[in-house]
A.B. asks: 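Sharing a structure below in structure tokens format, with a few things to ask.
Sequence lines set the chain letters: A, B, ... in the order given, protein chains first and strands last, and positions in each chain run from 1. Hydrogens, waters and symmetry mates are skipped; everything else that's a heavy atom, side chains included, is used.
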Amino acid sequence: MDIKRILHPADLVPYMEKLTAAKVIAVDTETTGLDPHTCQLRLIQLAAEDLPVLVIDCFSFLPEGRELINAILSTSGIKIFQNAKFDLQFLMALDIFPPTLFDTMLASQLLRGSGGPVQSNLKALAQHYLNEDLDKEEQTSNWQGELTESQILYAARDAEILLRLRKVMIPQILENHLTQIAGIEFRCVKAMAHLEYRGIYLDRQKWQELYEKTEAERKTALDELYTYVERPLMQMSLWGEDVAINQNFESQQFVLNVLHEHGIPVAATAKQDLYPYRRHPLVKTLLSYRKAAKSISAFLQPFTPLIHPVTGRLHPRYGQISAWSGRMSCWNPNIQQIPRDSEFRACFAAPPGRKLILADYSQIELRVAAQISGDTRMISAYQQGEDLHLLTASLVAHKPIAEITPQERQAAKAVNFGLIFGMGAPGLQQYAQQNYGVEMSLEQATEFRERFFKAYTGIHRWHQSIKAHLPKEGRTLAGRKFVYYEKAGLPGYYNTPVQGTAADIVKKALGLLIERLAGTDTYIVGIVHDEILLESPAEEAHTMAALLKSTMEEAANAILPKVPTKVDVLVSESWAEK
DNA sequence: TCAGTTCGCGCG
DNA sequence: AAAGCGCGCGAACTGA
């Protein structure tokens, strides 16, 4: 491997002509740490055909050399990265944004369903695709000071290997018909880098107030719980506060005992087990204690320390292909599980002078299921702009739509969302109660189930054909492939392609969106499965809202040719929807 | 003592 | 035969 160290802009000039004309360049970076807001780029490594691997020392090369880097990375040539989401954030700090990417990590994750390795770090990829052993010594390297020969060598190798990885992966992507989904993921990763880099604003003051209020609620509930148990054993804690020992309402064993002592013969302490006894004052208090305690330990307590000292914002991390279905996941903190409660969501606000734009796909999974199953009744309902929940209510109740009560429509929601994915009658009964507050007898649930499948024959046929074949693998409508594990339940067979296709749609929208947002001061600040949050200058908010809506519709229409899409969009001061 | 697992629960 | 699915996270619990 031929390596050339580049210390100053002049050293790079002789290579500029070839680099800016290159169709493919592999790019890797080494940084002084993981945080793009506090750490520095140390090396940028570039590898291309017929050139030595160029190892650019940013400490001496920047800032004067920034224009040269920008000229190389901004061409339409393909730039290969391993986990582009990481490197792109450091490049964003220099206002550099490569337009066309190939990400070996994402490619490998897509190939998991076609014999690819389970792990997708560079070592695993080299081992599997090139049969090479990488000893990653530089993991613990210090990139601050003088660099050793071996650091330079490893850095160069990490870029060079990406060129060869892509060459081996491309035929596999083609053979497995993954080109469409790979294109979607590669465009989307730019949005993911942007999203993590920009973060989301949390109103620290409001959050603190909510914390204190909820803490008071928790204490009230706890005091009341103590009236149900004999002689609390009090002990002074390290912080000088009296706490009860051996009476921990966090402990399921203890709670179960207390419940039994009070004549509540439940088998477990989960909400659904307690439901029959929900009127009992002990159960009522326990549930309100749990709600407050959960809010504090999962949200109110841990979020504040995660506010970034430099940006003043939360920077949740996203896994682009993290769920098995192809959905994203989110952590540190998980922004996708904030309570819907408007008190919580109001804290996710627009900073002064700016607005939030909230957009979500309406009933995206039902629309996807309609497209995949080809159910004509469902498709035509969507084409006519009918309310599908009302239609279902009318079909299972044998009543005209005009006579459907709000209660019946609510029950039909549970019927629609549950039965599409193979829920049984007992499951439907419980699901309706828990999620929609609808009481349904087992007989009713059974009857709804039968009538539902009589009414939606396409859904029925779709389920039947899966049941008959139990396919080894499945695909989303954009071609994402997954292999079903041994003895996957039927609901898994129904659900995964639907959930995965919804993810395909959102990712396609994000890829289009990030390109259309170039040059604006509008940020993508949150993604919650079928929902996209933007933050923009107040005066541009309505323009950006229209752009967001049309982009989301365009993405969905491309993947769901038969079923129209509905995107609800709202310009707002905060995430608390009206 | 501590890593790994399970329960319970927040979201779509 | 019957079965919604997918996540992350905190606290308790388990096992060596």
A.B. asks: Do you know the tightest heavy-atom contact between A:A346 and A:A349?
C.D. replies: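 Looks like O-CB, 3.8 Å.
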
A.B. asks: For A:H37 and A:Y197, I'd like to know if the aromatic rings sit close, meaning centre-to-centre distance below 6.0 Å.
C.D. replies: yes

A.B. asks: Contacts to DNA chain B from residues 331-342 of chain A, heavy-atom cutoff under 4.0 Å, which residues?
C.D. replies: A:Q336, A:Q337, A:I338, A:P339, A:R340

A.B. asks: Reckon A:G418 touches a base, only the sugar-phosphate, or nothing at all at heavy-atom distances under 4.0 Å?
C.D. replies: nothing

A.B. asks: Pull out every stem in DNA chain C, meaning runs of 3 or more consecutive Watson-Crick or G-U wobble pairs with both distances under 3.5 Å.
C.D. replies: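 Output for stems: B:1-12 with C:5-16.
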
A.B. asks: Just compare C:dG10, C:dG6, C:dG8 and give me whichever is closest to any side-chain atom of A:S322.
C.D. replies: C:dG8

A.B. asks: Applying a 4.0 Å non-hydrogen cut-off, can you work out what A:S295 is touching in the nucleic acid: base, sugar-phosphate, or nothing?
C.D. replies: nothing

A.B. asks: Of all nucleotides in DNA chain B with an atom under 4.0 Å from a non-hydrogen atom of chain A, which is the first and which the last going 5' to 3'?
C.D. replies: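 Extent of the interface on DNA chain B: B:dC7 to B:dG12.
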
A.B. asks: Scan A:Y431 against the nucleic acid and name what it touches under 4.0 Å (heavy atoms): base, sugar-phosphate only, or nothing.
C.D. replies: base

A.B. asks: So, for A:V483 and A:W324, which heavy atoms are closest and what is the spacing to 0.1 Å?
C.D. replies: O-CZ2, 3.1 Å

A.B. asks: Separation of A:L419 atom CG from C:dA3 atom P, in whole Å?
C.D. replies: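 Atom CG in A:L419 sits about 12 Å away from atom P in C:dA3.
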
A.B. asks: In whole Å, I'd like the distance from the CZ atom of A:R449 to the C1' atom of C:dA2.
C.D. replies: 9 Å

A.B. asks: Mind listing the closest non-hydrogen atom pair of A:A478 and A:I184 along with its distance?
C.D. replies: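 Looks like CB-CD1, 3.9 Å.
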
A.B. asks: Only one of A:L282, A:V258, A:L286 passes side chain to side chain contact (heavy atoms under 4.5 Å, CB included) with A:I264; say which it is.
C.D. replies: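 So, applying the side chain to side chain contact (heavy atoms under 4.5 Å, CB included) to A:I264 and each of A:L282, A:V258, A:L286, only A:L282 qualifies.
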
A.B. asks: Within this structure, what is the OH-to-P distance between A:Y494 and C:dA2, rounded to whole angstrom?
C.D. replies: 13 Å

A.B. asks: Quick one: side-chain hydrogen bond (donor to acceptor under 3.5 Å, both in side chains) partners of A:S108, sequence neighbours excluded?
C.D. replies: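 A:S108: no side-chain hydrogen bond (donor to acceptor under 3.5 Å, both in side chains) contacts found.
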
A.B. asks: Round to the nearest Å and state the distance from A:W462 atom CH2 to C:dG4 atom P.
C.D. replies: 15 Å

A.B. asks: Pull out every protein N or O sitting under 3.5 Å from an N or O of nucleotides 12-16 of chain C, one pair per line with the distance.
C.D. replies:
| unit_1 | atom_1 | unit_2 | atom_2 | d |
| --- | --- | --- | --- | --- |
| C:dA12 | OP1 | A:N248 | ND2 | 2.3 |
| C:dC13 | OP1 | A:S251 | OG | 2.6 |

A.B. asks: Determine whether the aromatic ring centres of residues A:F417 and A:F421 are separated by less than 6.0 angstrom.
C.D. replies: no

A.B. asks: Measuring from A:E535:CD to A:Y201:OH, what's the distance to the nearest 0.5 Å?
C.D. replies: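 These two atoms lie 10.0 Å from each other.
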
A.B. asks: Atom CE of A:M328 and atom C1' of C:dC5: how far apart are they, to the nearest Å?
C.D. replies: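 To the nearest whole Å, that distance equals 18 Å.
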
A.B. asks: With heavy atoms under 4.0 Å as the rule, sort A:R317 into base, sugar-phosphate or nothing.
C.D. replies: nothing

A.B. asks: On a heavy-atom basis, which atom in A:E365 and which in A:R327 lie closest, and how many Å separate them?
C.D. replies: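 Nearest heavy atoms, A:E365 then A:R327: OE2-NH2, 3.6 Å.
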
A.B. asks: Taking atom C1' of C:dG6 as reference, at what distance in whole Å does atom OH of A:Y484 sit?
C.D. replies: 13 Å

A.B. asks: Please give, in whole Å, the distance from C:dA2 C1' to A:L428 CG?
C.D. replies: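 Going from CG in A:L428 over to C1' in C:dA2 covers 15 Å.
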
A.B. asks: Using a cut-off of strictly less than 4.0 Å between a heavy atom of the residue and any atom of DNA chain C, enumerate the qualifying residues of residues 182-190 of chain A by number.
C.D. replies: none

A.B. asks: Would you mind reading off the distance between A:Q434 atom CD and C:dG4 atom P, rounded to a whole angstrom?
C.D. replies: 12 Å

